[in-house]
Amino acid sequence: MNTPWAECIAKRVELSTPLNSWKRVEEGVFLHSQGIAVYSGGVFHETPFCLLFGGFLIRSWQSYLHLIFVGCDLLTAALLASVASSYSRQLLEQQKNAVSQFASDASHLLLTSSALGTGVVYVAAAYLFCPYTIASCVAQTTSVFANLIIAAAFASMVKGYPVIFGTLVALVAYQSFYPVCLMVPGILFFMQNDSHNLKAALLKPLLSFLVSLGLLMVISAEVAGGWEFLEATYGFILAAPDLTPNIGLFWYFFTEMFEHFRLFFLATFQINAFVYVLPLAIRLRKDPVLLATALLAFTAVFRSYPALGDVGIYLSLLPMWKHLYPFMRQTFIVGCMFVATSVLGPIMYNLWIFSGSANANFYFAVTLAFNTAQVMQG
Amino acid sequence: MERSRLPAILEKHHRPICIVLYVVGIIWFVALAHNAFNHGTYFSENALLPGLVQGDFHSDSLATQYLESLKEESEKHTSGMPYSWLAGQFTQLGLDTFTHNFTLHYPLGSEKVFTGKNVYGILRASRGSSTEAVVVSAPYRPPTSLLQGNAPSIALMLAMASFFSKQVYWAKDLIFLVTEHEQLGAQAWLQAYHRTQSGAGVLNHGDLEGRAGAIQAAINLEIHSSQVSHIDVKVEGLNGQLPNLDLFNLIHRLCQRENVYHTFKNRGNHPQPETFHGWVHQVGTLFSMISSQASGVPTGNHGLYHRYGIAAVTLEGQHSMHHPRNRRSVSFQQLGRVLEGVCRSLNNLLERFHQSFFFYLLPATNRYISIGVYMPPFGMIAGGILVKALALWYSTSCAAEQQEQEKVKKIDYGLLGGFPTVVMVHIVSVLLHNAPYRFSQVGRYLALSAEDSVFLGTFAFCASLLVLPYYISRNLGLQNRSWEIVKIYAVLELGILVFAGAVYNFSLALIVTVAYTPVALLTSPSISRWRRWLKAAILLLVHPLTMLFLFVLMDTWSNFSDLPPNKLLWKTYIATKRALMYSVVDGLIYSNWVYDVAVQCLLPVWLLFWQIALHPIQ
C-alpha cells in the first residue's frame, strides 16, 4: 500500500468509481471542514454518515489508514468464514434429517463434514487472496467498508439475529442502495428457522430495518444540514449522470443515447438490478443464503457504478457451495473469461485513453465479456 | 454424471484439430500478402485533402547553401552539435527559437552522466491561436557518428522553414526540431514538452521555455545526401505501436504526385503483384515489417511520438547505386514539394488522426492488412493453445472422477496442486527482472563491462534455472500431483499472453505464438529417455535467450552472408550481448517492454513447460 503502485491502482476506473473512491471522500471531508455545502457540487456522492466516519478517520487515524483498510478486510474474511461454518453446519443437519428419503445410489452425493470444513477455509482464503479485493483494498475504496457490513449482515442472518440483521442491511442499503434486496432472503431465512412464529420472524427484521433507516436518514439530514444529500447520493446512483467508463454496462449506453430516451432506458436498466429478486426468491426459497449470494452477484453486475470490490465479495462466498461444482457446466470457460477479461480490460483501456489507438468499443467489449462471465457463473 | 458430448469429442480429436488449426492458420496468414486477401489503401480522413493545391516550394538552392554552410560548421565541432549556428539560423528566419538541455544518468555499469541539447524553432501560425502544432524534426549527427550523416535533412528543414515563414495559410504552429543523441534527444524533448516521465526516471528531461499547442503529427527526416534515389517511409514505433494509416497514405500519395520513388522497408512495389513472384515479394516486405515491429525498437525518432498519441513517420532518403530500377534521382526540390504538401495537408486537419487504422500490417506501400483481416488466422494459430487447455481440463476432470469412483487416491488433480510451482516460477522471474542492475554492480568489481556482466549474469541465471525442476519435485513433493494441472496453468498463461500481446504488438505475439504453440502441444513427461531428451532439446530451442540468439543470428546472416561460420557465430554472440543490453537499457529509458515481456511473461511459461517435460513419472 505504500508502494508507488498504490496511487496507480487507486486511479483505475475498474476499482474506483465516483461512488467509492477514497479521494472523493477526502475531498468531501475537506469541503465539509471548510463549511462549504458538500452536496451542492458534483464531487461528493457518499452518504453524510460516511462523511462523518471518513472525517473521523482522516482526522484521527490518517497515518494508520492503510492498517484500517487491511483490518477491515481481515475482519470481513473472518465474518465470511464464520458464515460459511454455520451455514455448512446447517446444511449437514438438514441432510441428516432428510437422509432417509434419498435413494441409496445417491450416497456419493452426500455431504461430508470434512468437505464442508475445507469450504470454510476456502471462503476466507478466497476473500483474502482474491486479486479484486486486494486491489480494491490497496486502492482504499469504500467498497471495503460496504463489504464488511455485508459480511456482518450475512453472519447475523445465518446465526439468527433478526434485529441486528435488519440494522446492518439498513446501514449497507443506506450506504450503497442496491443491497436493500438482501432483506428478501433474510426474511425468508428467519421465517423458515422460526416456523411457529411467522409474524415475529417477518416483523423483527423489517421493523428494525425501517427504524434504523429512518434514524440514519434523520441523522444524515442533521449532519448535512438538509435533504439535498438525497439528490446527490441516491439521485446520483439512480440517474447515473457520471459516464466515466467503469466495468458496468451503463456508461457506454448512456453516452450513445438520445436524451429523450434516457429516462426510459434508465428505468429499464435499474429494474434489471431488482427484477430477479422475485423469480429467484421463488426458485431458491429453500436456500436463502444462496439466494442472497445470487442477488449480490446480480446487483454487482447491474448496478450503475459497479467496482471490482463488489465482485470480490460474492466470488469469495461461492466456495460454500463447493460440493455443487461437479454439477456446474461452464466452470472452466467462465474462469478463463474472468482471467482473460481482467488482463485485457486494463490493456484496452490503456490503448484507448493513453495511446489513442483503440477506442471505447474495445474496452466496452471487454467489460461486456466480463459481465457475461459473471452472469454465466451466476 | 452426464456430460455434454462436445468436450468429449474435442478431447478425443484435439491433436489433429490443433495441428490443422496451426497449419491452416500459418498458410492463411502467409496468403494475406497476396492482393486477393488484402486491401488497397484509401483515405478515411477527408480533411487532409492531399495534393489539392499546386506545390510552390522552390528554395532548393537555398537548401544547398544551408547544406554547404552546415557542413563547414560541423567540421568545427567534430563531436558536438553547432547549437549556436542552428539557433542563429532559426532566429534569422524569425522563428521563436529555444534550446533544451537534458541529462541522462546511465543506469548500468559505472553510472556515467551524459548531457545533450536540442534546438527548436516555432513558426507561430498566423491563422490560429497556438492550440495545435505539427512537428518537423531531424536528428543531428556529428561527422564522427557511425551512422550515415543527416546534414541534408537539416538543410532542407531550414529551407522549408524559410519558405513556410513567408506563407499566410498556417492554422497550426510548426515546430522545427533538431535533436541530439538520436532517440535520446527526441525522448527528452517529448517528455519535457508533455511534462511526463516515462521509464525508470534515469533521463532528466529538463524543461522547455517555449511550447506550441497539442502536437497533431510529426515528420522526422533522415535524408543522407542531397541527391537520393528513393524515399523510404518508416512507421514502426516503440513497443510496436504504429501511426495512423492515413498519415502513411498521405506520404505515399504525395510522393506519387511529385514523382518521387518511395519504398517501404527499402522494398518498392512489385510491378505485377498478382503473380507468384509479386506475392513472394510482398511476403518478404510483410515479414520484414513483422521482424522490425516485433523488436519493439523504434526504427526512427518518429517511434517515440506514438506513445503520446501523435501520428509520426520517418522519411529516410537513401542513395543506393544498385537499386533495382535506376530511376532519376530525387532532388531537394521534389522532396521539398512533398514535405510542403504533407505539412499543408496536416494543416488542414480538423481533429487529430483517428479515422483510419492504427492496427495494420503492410505488404506494399499501397496495400494494407487490417486487424480484422489478420486476426482470424492469428486466432487459428493461437487457437490450438486454447483447444489444448480445454482438452486437458476435460481429461483431468474425467481422470479425477474415475479415481474417485475406484476409491484409490494416487494423483492429486486439485487445481491448487499446481499453484506452488506457478508461484515459484513467477518469483524467480521477478528476481531476474530486477537483476540487471545487480549484475552490472557485481561486474564492476570483477572489472567486466556492463554489457558482459549483464549478459553473463542473465545467462548464468537462466542456466541455473534449468535445474529448478529437480529442486521443486524433490523438495515440494510433487510426484503425486498431476502435471496436467501445471500444464493447464502454463497453457492458459501462454494463451492470455499471446492474445493480450496481439493487441499491443501484434508481430511479437505472432512470433511467440508460432514458436510456442507446437511446444505447448508437445510438452509432456515421457518415460523413454530419448523422448525426454528430445523434448528438452526442443524446449531449449524456444528459450527466450535462445530465441534472441537465433533472431540475431538471422539478422547477422542476412547482413554479412559472406562470413565464414565461426566468425559469423562470434559476431552473433557479440550482437546478442549488445541486443540484451539494449533491451534492458531501453526498458529503463524509454520503457520498452520487450525485456519485461520476455522475462516476466515468457520465461515463467517456458519454465513451467520445462518443469512438465522433466516431471518424474513412476
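Chain identifiers are assigned alphabetically (A, B, ...) following the order of the sequence lines, protein sequences preceding nucleic acid strands; residue numbering begins at 1 within each chain.
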With only heavy atoms counted, which part of [X] is less than 4.5 Å from chain A, the side chain, the backbone, both or neither?
X         : result
Ile310(B) : neither
Ala311(B) : neither
Phe359(B) : side chain

State, to 0.1 Å, how close Phe499(B) and Leu344(A) come at their nearest heavy-atom pair, and which atoms those are.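 Here Phe499(B) and Leu344(A) meet closest at O-CD2, 4.4 Å.
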
Identify the two heavy atoms, one from Val503(B) and one from Ile347(A), that lie closest to each other, and give their separation to 0.1 Å.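 So the minimum-distance heavy-atom pair works out to CG2-CG2, 3.7 Å.
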
Pick from Asn244(B), Ile488(B), Leu390(B) with the largest number of heavy-atom pairs that fall under 4.5 Å of chain A: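 With the most close heavy-atom pairs to chain A, the winner is Leu390(B).
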
List the steps, then state whether side-chain contact (heavy atoms from CB on, under 4.5 Å) holds for Val339(A) with Leu492(B). CA-CA 9 Å; Val339(A) 177; Leu492(B) 278 183; over 6 Å; no

